[in-house]
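Okay, structure first, notes after.
Residue numbering restarts at 1 for every chain, and letters A, B, ... go by the order of the sequence lines.
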Number of protein chains: 2
Amino acid sequence: MELITIKDIAKALNLSTSTVSRALRGSYEINPETKKLVIEYAEKHNYRPNPIALSLKENKSRSIGVIVPEIDNPFFSQVINGIDAIAYNRGYHVVIFQSHESYKRELINLEHLTSRRVDGLLISLSGETQSVEHLQELHQKGMPIVLFDRVSEEINTHKVVSDNFEGAFTATEHLIREGRRRIVQITASPFLSITKERVNGYIAALNKYGIPVDESLIRYCGYDLAAIEKMMEELFSGDTPPDGILTVSDRLALGCLAVLKRRKISIPEQIAMVGFTNLKAAYLLEPALTTVVQPSLEMGQRSAELLLDLIERKPSSIPPNYQTFKLYSELIVRESSVRH
Amino acid sequence: MELITIKDIAKALNLSTSTVSRALRGSYEINPETKKLVIEYAEKHNYRPNPIALSLKENKSRSIGVIVPEIDNPFFSQVINGIDAIAYNRGYHVVIFQSHESYKRELINLEHLTSRRVDGLLISLSGETQSVEHLQELHQKGMPIVLFDRVSEEINTHKVVSDNFEGAFTATEHLIREGRRRIVQITASPFLSITKERVNGYIAALNKYGIPVDESLIRYCGYDLAAIEKMMEELFSGDTPPDGILTVSDRLALGCLAVLKRRKISIPEQIAMVGFTNLKAAYLLEPALTTVVQPSLEMGQRSAELLLDLIERKPSSIPPNYQTFKLYSELIVRESSVRH
DNA sequence: TTGTACGCGTTATCAC
DNA sequence: GTGATAACGCGTACAA
């Protein structure tokens, strides 16, 4: 735990710092005895190379930046978990920033990241972000970037996403097969890639079964719980309330379930529901909730692996054609969700 | 965004690096014109001081380490949120480590932290941790440390906790006043300070109302959901099932609610329940759940403020007597929890 | 007012 | 096989 440096070792052993350095790194041919002596002394005094000095020398921080909309969101905290696992194994710091769904804060985060000299960036876009010029600029300056979950077509780099189209398609199809026809999709910011893909999957499923698309059944909604509940109340106050619901996030599912409970609308008897959710709570409390489980942990791991590969490879050997990796989202149907 | 250094500015302006440095820091008396020139150039080329070089020079990393049992736990992700807010405002990095409730991993984290040269440490102990010698050693070597939530008597430094005794006392009293007598407390690792305090609060409330303490109604339980449910099933299979429940964490509350739901035991008609919870989901899905809300965000903020004060103060001026700051936990009783 | 020299911890290069 | 030196970027004591 002591703050011992290579210089201290050199002094103590009457050697030069360069000899000590070589002994420790074992690179050059060196007198085995000297080497042994140095290594023993280092171990005894718990020598640890100063990562800051190394960073300065190598012009690398051995840290990666992560920008997420909110840490306090089960999906993202699970992703961070995955990132964390990979990064620490490979000797990297993870520095986390939150955009709080604000484009402005995303820009500020980027500024912080660059001045902190992170070696690479993992980012999931804010709900407000419509242009990714800020990322492109950074990317062109040589910063390795991997986008995950909420990505953009407009930047050419690696991306890791879940198969949102397929997830929404399967979920919608499940509802249709259970006999539902008036299926509402409750979704988030219309700017997000995940939103667009999920809406497309939903529409494709309706089309497949010849159900006309009713635009009023696609509801875009912010994350504010009160707003979600208000929208839901509205939806169920009309003459023709939905008989099926597809929600695409934890918070949306919760607001939705809360309103159903309050109105004593029972699942699955009166209405069927599928939620994209990462919250273990949801299905425990509402066993009839069919769930599209996001591969959050895996997404974090894959993204981090990709980014670290990009960072550690020489710039000239970075593959010219970036790819989008799609991870499988599982649809989990529980017995109790089948209509009695 | 460019990687421009002080040296580049000096070269471009035909000045020495020291002049540029002074101009930028504005410390020394310097020719106003030169100063203006330098600052303009710096702004134009987006100069940012290299934090790594500064760290090396000042022997400070301007980063703080945070060790939590799990990131993916709503209480801790909220605490991290609070830490984050304060730290970034004051120009510090937050480096997060997870102990995964393992003492061994806590030790490894500590090792990483020190070799990473963090300026200070915020830690909430793992469920396995019984001795804090590892922390004491580090603390005696001069590392500023603030413990939060799960603390230890055996180390003398600042601590930030919520009032667990009071929280459990109030919760238990609430149950008693609703007419419950067989109140079970379902709690976590017996080693944790929070567990002991909550058990004490529970016992004190029973004593106040002359209810004998039944040791079999204090259940220690791991975080594994399956184990929680098994324990609950056991509890409710006996001849005299509880008529009141106090759970002290989100996961325990969830496992508990899941079993009640499965056995069709209704709240509050058949059983009353209070949970320590930070999960917005819980009360939404079960409105009859009375909640002890932990001041998680505030805890993060207070802890970070304390730690940064410790770090930035000269060692000689650190107050010799460390304190434990208790934050208030609010008991939230919703209408629907009153027995009909 | 400005420039020179040094040190923070480490490694690479060159010399011995 | 080992030691001296320079360099990474910055701030500052000291010299001019």
Side-chain angles (χ1 to χ4, degrees), chain A residues 1-39 41-42 45-63 91 93 114-119 142 314, chain B residues 1-39 41-42 45-63 91 93 114-119 142 312:
Chain A
M1 302 273 186
E2 296 289 336
L3 300 164
I4 184 179
T5 76
I6 240 174
K7 211 181 267 182
D8 298 323
I9 302 179
K11 217 167 280 171
L13 264 46
N14 255 325
L15 290 168
S16 77
T17 57
S18 31
T19 305
V20 174
S21 174
R22 279 191 291 251
L24 290 168
R25 305 205 59 250
S27 52
Y28 269 62
E29 299 296 331
I30 199 175
N31 186 328
E33 281 189 34
T34 320
K35 186 171 177 176
K36 200 181 151 204
L37 217 62
V38 170
I39 290 178
Y41 189 92
H45 292 75
N46 214 311
Y47 167 78
R48 292 284 177 277
N50 185 328
I52 296 167
L54 283 173
S55 289
L56 181 61
K57 182 141 191 59
E58 298 170 11
N59 198 26
K60 300 191 301 178
S61 63
R62 285 197 83 79
S63 69
H93 263 196
T114 48
S115 78
R116 281 291 184 182
R117 309 288 204 272
V118 297
D119 296 339
K314 274 105 193 125
Chain B
M1 303 272 184
E2 295 290 335
L3 299 162
I4 184 178
T5 77
I6 238 175
K7 209 183 272 182
D8 298 323
I9 302 180
K11 218 167 284 173
L13 266 47
N14 255 327
L15 291 168
S16 77
T17 57
S18 41
T19 306
V20 175
S21 173
R22 279 189 291 252
L24 290 169
R25 304 207 57 252
S27 52
Y28 269 60
E29 300 296 331
I30 199 173
N31 186 328
E33 281 189 32
T34 319
K35 187 170 176 174
K36 199 182 154 206
L37 217 61
V38 169
I39 289 179
Y41 189 92
H45 292 74
N46 214 311
Y47 168 78
R48 292 284 176 277
N50 184 330
I52 296 168
L54 283 173
S55 290
L56 182 60
K57 179 146 193 55
E58 298 170 9
N59 199 26
K60 301 190 301 180
S61 62
R62 286 197 84 79
S63 69
H93 261 198
T114 49
S115 78
R116 280 291 183 181
R117 308 288 202 274
V118 297
D119 296 339
E312 292 178 352

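Comparing B:A53 and B:T19 by the nucleotide of DNA chain D whose heavy atom lies nearest to each, the residue mapping closer to the 5' end is B:A53. Comparing B:V20 and B:N59 by the nucleotide of DNA chain C that holds the closest heavy atom to each, the one mapping nearer the 5' end is B:V20. Position along DNA chain C of the nearest nucleotide to B:S16 versus A:I6 favours B:S16 as the more 5'-ward residue.
The separation between A:R25 atom CZ and D:dG1 atom P is 18 Å, rounded to whole Å. Distance B:K11 NZ to C:dG3 P: 15 Å, rounded to the nearest Å. Atom C1' of nucleotide D:dC10 and atom CD1 of A:I52 are separated by 14 Å, given to the nearest angstrom. We find that CG of A:N14 is positioned 9 Å from P of D:dG3, with the value rounded to whole Å. Rounded to a whole Å, the CZ atom of B:R117 is 12 Å from the C1' atom of C:dC8. Separating the CZ atom of B:R116 from the C1' atom of C:dG9 is a distance of 15 Å, rounded to the nearest angstrom. Regarding A:K36, its NZ atom lies at a distance of 18 Å from the C1' atom of D:dG1, rounded to whole Å. For the pair B:I9 CD1 and D:dC10 C1', the interatomic distance rounds to 12 Å; values are reported in whole Å.
Contact between the side-chain N/O atoms of B:N50 and the OP1/OP2 oxygens of D:dC8 is not found at any separation under 4.0 Å. Between D:dC10 and B:Y47, a contact under 4.0 Å exists linking OP1 or OP2 to a side-chain N or O. Between C:dT2 and B:R22, no contact under 4.0 Å exists linking OP1 or OP2 to a side-chain N or O.
Taking the side chain as every heavy atom from C-beta outward, B:I4 and B:Y41 approach each other to under 4.5 Å. At a threshold of 4.5 Å between non-hydrogen side-chain atoms, the residues A:R116 and B:H93 count as touching. Here the side chains of A:L13 and A:V38 are in contact, with some heavy-atom distance below 4.5 Å. You'll find the side chain of A:I39 reaches within 4.5 Å of the side chain of A:K35, heavy atoms only.
Rounded to 10°, the angle separating the first-five-pair axis and the last-five-pair axis of the helix from C:dT1-D:dA16 to C:dC16-D:dG1 equals 60°.
In this structure, A:L15 reaches the sugar-phosphate backbone alone: every heavy-atom distance under 4.0 Å involves primed, P, OP1 or OP2 atoms, never a base. Within 4.0 Å of B:L54, counting heavy atoms only, lie sugar-phosphate atoms of the nucleic acid but no base atom. Using a 4.0 Å heavy-atom distance criterion, B:T34 is classed as a sugar-phosphate-only contact.
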Can A:T34 and A:L15 be said to form a side chain to side chain contact (heavy atoms under 4.5 Å, CB included), step by step? CA-CA 9 Å; A:T34 320; A:L15 290 168; 3.8 Å; yes
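Expressed to the nearest 0.5 Å, how far CZ of B:R48 lies from OG1 of A:T114 amounts to 7.0 Å. Rounded to the nearest 0.5 Å, atoms OG (A:S16) and NZ (A:K7) are 12.5 Å apart.
Between A:D119 and A:R62 the shortest heavy-atom distance is OD2-N, 2.7 Å. Closest of all the heavy-atom pairs between B:I6 and B:Y47 is N-CE1, 3.7 Å.
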Listed pairs, N/O of protein and of nucleotides 5-7 of chain C, under 3.5 Å:
unit_1	atom_1	unit_2	atom_2	d
C:dG7	N2	B:K57	NZ	2.7

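In this structure A:S55 satisfies the side-chain contact (heavy atoms from CB on, under 4.5 Å) test together with B:I52, sequence neighbours excluded.
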